[in-house]
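One structure below.
Quick caveat, the model's predicted, so the values are computed rather than measured.
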Amino acid sequence: MMIGKEITIALSGNPNSGKTTIFNNLTGLRQHVGNYPGVTVEKKTGETKYKGYKVNVVDLPGTYSLTAYSLEEIVARNFIVNEKPDVVVDIVDSSNLERNLYLAVQLMELNTPLILAFNMTDIVKKSGKKIDISLLSELFGIPIVETVGSRGLGSDKLLEAVIKVVSSRKEKKVEVKYGEEVENEIVKIISVLKKEKIPTFEFDVRWIAVKLLEQDRDIIDTLKKTSGPKYSKVEEVTAGAIGHITSILRDTPEIIIADGRYGFINGALREAYEEASLKKVDISEKIDRVLTNRIMGIPIFALIIWLMFQFVFTLGKYPMGWIELGFGKLSVLITEIVPQGLIRSLLVDGVIGGVGGVIIFTPNIILLFFAIALLEDSGYMARAAFVMDRIMHKIGLHGKSFIPMIIGFGCTVPAYMGSRILENRRDRLVTMHINTFMSCGARLPVYILFAGAFFPAIAGNVIFSIYLIGVVMAVIMARVLRATRFKGESEPFVMELPAYRIPTLKGILIHTWERTWMYIKKAGTVILAISILMWMLFTFPMVGNNYSQDYKGKVNEIEQSYQSGEITERELDESIAVIEAKMAGERLAYSAAGRMGRFLEPVFRPLGFDWKMVVATISGIAAKEVVVSTMGTLYSIQEADGQSDSLKTALYKHYHPLVGYNFMLFTLLYFPCMAGMVIFRKEAGTKEMLFQIGYTFLLAWAISFLVFQIGRLFI
Amino acid sequence: MRKWGFRHRGGDARKTPPINNRIMTMTDAVQGEKYRIVRIDGGYRLNSRLCAMGFIPGEIFYVSGASRGGPLCVVVKGTKFAIGRGMAERIQIREI
């Protein structure tokens with residue numbers, strides 16, 4: 001019995017070939033999600049055991065080919081070439097052989113140990129078509145295994161085939177020929193590569209020659225970099241070859257080569273497959289006639305998004321309430337056990353206040369990703385993008401961008417995570433960068449407080465105007481970002497509209513769990529650290545005995561007057577609460593955050609803000625709704641919330657309505673919160689996160705500056 | 001050939017109807033009719049991409065739907081794709 005033998009297999013395949021289902025079948029819950037080094041392409045790995053082997057399974061991104069068209073394709077190719085998995089398993093949708101085998105042929109050309117998994121064979125059998133698997137396997141020179149991923153069939157046979165390939169390494173097999181003209185040029189390029197001693201790394205030299213004819217940017221750049229001036233000779237020969245082929249065959253080499261690959265596939269299929277012609281798209285076609293209808297498409301989309309929003313936020317409210325209750329109970333418990341002092345404050349205000357405030361969004365995250373997985377696995381997501389593409393295209397975004405933007409009205413954190421549905425990095429980043437302008441739920445208490453304080457008669461309209469300004473800013477900034485930082489022709493829009501399928505519960509649950517777990521992990525680590533830091537900012541340095549008034553003496557006085565019966569118990573409690581709130585206000589003013597507020601006041605003066613507003617803004621970094629309670633503390637109002645009338649009165653007395661409106665604007669525009677930024681960094685990298693913080697802050701400042709300075713002229 | 005109740009044109013309705021066998025672009029295709037791809041003018045990257053998805057000269061396809069002014073739904077090699085108008089304009093086709 002063999003023990004401890006470890007092998008690595010890589011799963012490759014077209015999008016919608018059922019690759020993820022096979023991956024889930026092979027590995028179950030033993031999965032790990034990360035990113036490929038240096039890029040945002042998701043890397044899923046997992047493991048399984050089979051006959052004494054420990055099998056590591058890597059799920060490569062789903063691609064149609066191995067050209068350098070997209071990041072996913074380069075990542076998949078580089079993984080196969082550099083990491084040299086023991087076997088590559090290409091998952092093939094057997095109801096659509098010709099198209100799926102295109103990738104298989106490219107993998108063959110890479111000369112990597114390969115197995116084809118013919119997935120969804122049940123559909124083929126049902127439709128009455130016949131595939132001569134053993135003949136195809138012989139023609140391609142590759143083992144073929146039949147699987148039905150949706151019913152979990154064939155995984156053992158697949159692993160058996162893997163072990164067989166690993167233990168009996170075969171040398172190079174069938175080669176695709178591209179016709180005499182192209183072959184002649186390939187020979188010329190190979191000879192110049194050899195003559196100039198150009199390093200070809202781990203690649204097969206013939207493969208390099210073919211890639212040069214296809215003008216593969218990634219390969220050309222690599223060769224240029226490593227071989228320097230020697231490369232010019234290769235460049236010359238390649239350019240000659242491309243010109244020669246184009247002039248004789250009247251099509252560019254990349255098309256001729258693709259044609260050669262399809263020719264090879266069709267040659268094989270003609271012998272081993274009963275029917276290799278245009279397949280009918282039937283039930284899906286009928287559904288599409290409704291869902292992507294010219295007139296009904298957008299209303300149906302709007303309805304589905306509305307349902308999703310309700311599902312995520314209305315249904316999520318209940319478990320959120322329970323979690324809130326739980327943390328509340330925990331706070332009470334800690335207050336009872338831990339004596340008053342710094343440690344209690346750290347635990348209750350810092351840790352529970354911070355981490356609890358983030359954990360509380362978990363139900364939203366679970367429901368959101370459940371809904372997204374449902375839309376994606378059923379095939380609707382691609383239709384949504386199709387339906388919305390025209391409108392979103394106008395502002396420089398992708399049809400799918402609409403979904404995270406809508407989610408942003410609920411909470412920006414899941415919206416950032418939801419941006420993953422955009423495959424193109426540029427689309428994804430622009431969508432994330434503008435998402436903060438979709439006014440999230442946590443900002444609403446701030447608006448309610450300020451609109452209520454300054455514009456009680458028209459509060460609703462004022463709040464609506466803020467939401468509207470947010471949407472307008474999102475549209476403007478999307479265009480600006482597209483024209484500047486994320487310049488370049490927008491990615492041409494081609495996207496598969498896969499046949500509708502009933503999603504498997506297992507697949508959806510795994511997907512949901514991955515995201516949720518990632519979120520919880522962040523709350524426990526980075527967000528915990530930041531929460532403690534924020535707590536320290538708002539706690540130290542401490543006033544000690546340096547209060548401006550003798551509050552303790554006052555408390556004693558009041559208590560005495562209570563004991564002598566001069567005031568009632570209720571009056572006693574109220575007076576003490578007022579004093580305590582004043583003390584809290586002074587403590588806050590004395591703390592580092594309070595000092596920062598004073599220090600930064602000159603920066604915010606041109607916006608009409610005083611230091612208290614600055615401190616509230618700083619506290620809003622932790623979470624926007626905290627702005628309200630900070631304002632309450634600063635104005636020595638106990639129990640501040642959006643409804644607090646005494647706080648509204650205090651604000652009304654202190655600020656001009658213009659400043660109040662301006663503060664709402666500022667709160668809308670600057671980046672959402674620390675949880676949001678932590679997730680932003682995780683999704684897009686530190687650089688992009690810093691850009692997000694910097695640009696939203698500058699923008700918030702600039703807009704508020706203009707509004708205040710111009711508005712001032714009229715008051 | 002498959003019959004559709006109405007003959008929607010995938011492209012701009014104001015254009016004159018295509019004359020048989022004339023070379024036109026994919027946006028001129030009549031919904032439900034079959035055409036053959038003649039040429040793709042996309043530059044090597046786009047060409048490779050389209051070829052990998054099955055859009056290759058000589059291939060037969062039909063347009064199954066379109067959103068007004070937005071992308072087209074095209075079925076090629078048994079799979080349906082949404083394809084932007086800008087891209088569809090670079091694909092030359094011919095009636096069969």
Hey, what do you get for CD (B/E59) to CD (A/E98), rounding to the nearest 0.5 Å? 6.0 Å
B/T79 and side-chain hydrogen bond (donor to acceptor under 3.5 Å, both in side chains): which single residue from A/N96, A/N16, A/N100 fits? A/N96
Taking atom CD1 of A/I257 and atom OG of B/S48, what is their separation to the nearest 0.5 Å? 8.5 Å
How far does OG of B/S64 sit from CD of A/E285, to the nearest 0.5 angstrom? 4.5 Å
If I measure from the heavy atoms of chain B, does A/R250 come under 4.5 Å with its side chain, its backbone, both, or neither? backbone
Side chain, backbone, both or neither: which part of A/E73 has an atom under 4.5 Å from a heavy atom of chain B? side chain
Run A/E254 and B/R45 through salt bridge (charged side-chain N to carboxylate O under 4.0 Å, His left out) and show every step you take. CA-CA 9 Å; A/E254 70 274 5; B/R45 272 185 82 220; over 6 Å; no
Considering only heavy atoms and a distance below 4.5 Å, find which of A/I255, A/L66, A/T252 pairs most often with chain B. A/I255
Note, A/D251 side chain near B/R39 side chain (heavy atom, < 4.5 Å): yes
Relative to chain B, which segment of A/Y102 carries a heavy atom at a distance below 4.5 Å: side chain, backbone, both, or neither? side chain
Chain A contacts, top residue of B/N47, B/L50, B/V74, B/L46 (heavy-atom pairs, under 4.5 Å): B/N47
Would B/K77 and A/Y262 count as a cation-pi pair here, with the cationic atom under 6.0 angstrom from the ring centre and within 45° of the axis? yes
Considering only heavy atoms, which portion of A/Q215 lies under 4.5 Å from any heavy atom of chain B: side chain, backbone, both, or neither? both
When heavy-atom pairs shorter than 4.5 Å are enumerated against chain A, which of B/G84, B/G70, B/P71 gives the highest number? B/P71
Considering all heavy atoms, the nearest A/F386-B/A82 contact: CD1-CB, 3.5 Å
Please classify the contact between B/M87 and chain A as side chain, backbone, both or neither, with a heavy-atom cut-off of under 4.5 Å. side chain
B/C73 vs A/L497 side-chain heavy atoms within contact, under 4.5 Å: yes
Set out, in order, the CA-CA distance, both residues' side-chain angles and the distance that settles side-chain contact (heavy atoms from CB on, under 4.5 Å) for B/K80 and A/D288, then state yes or no. CA-CA 10 Å; B/K80 187 185 279 188; A/D288 261 348; 2.5 Å; yes
Roughly how far, to the nearest 0.5 Å, is OH of B/Y44 from CG of A/L213? 14.0 Å
Using modelled atom types only, decide if a donor and an acceptor are shared between the side chain of A/R99 and the backbone of B/M53 within a distance under 3.5 Å. yes
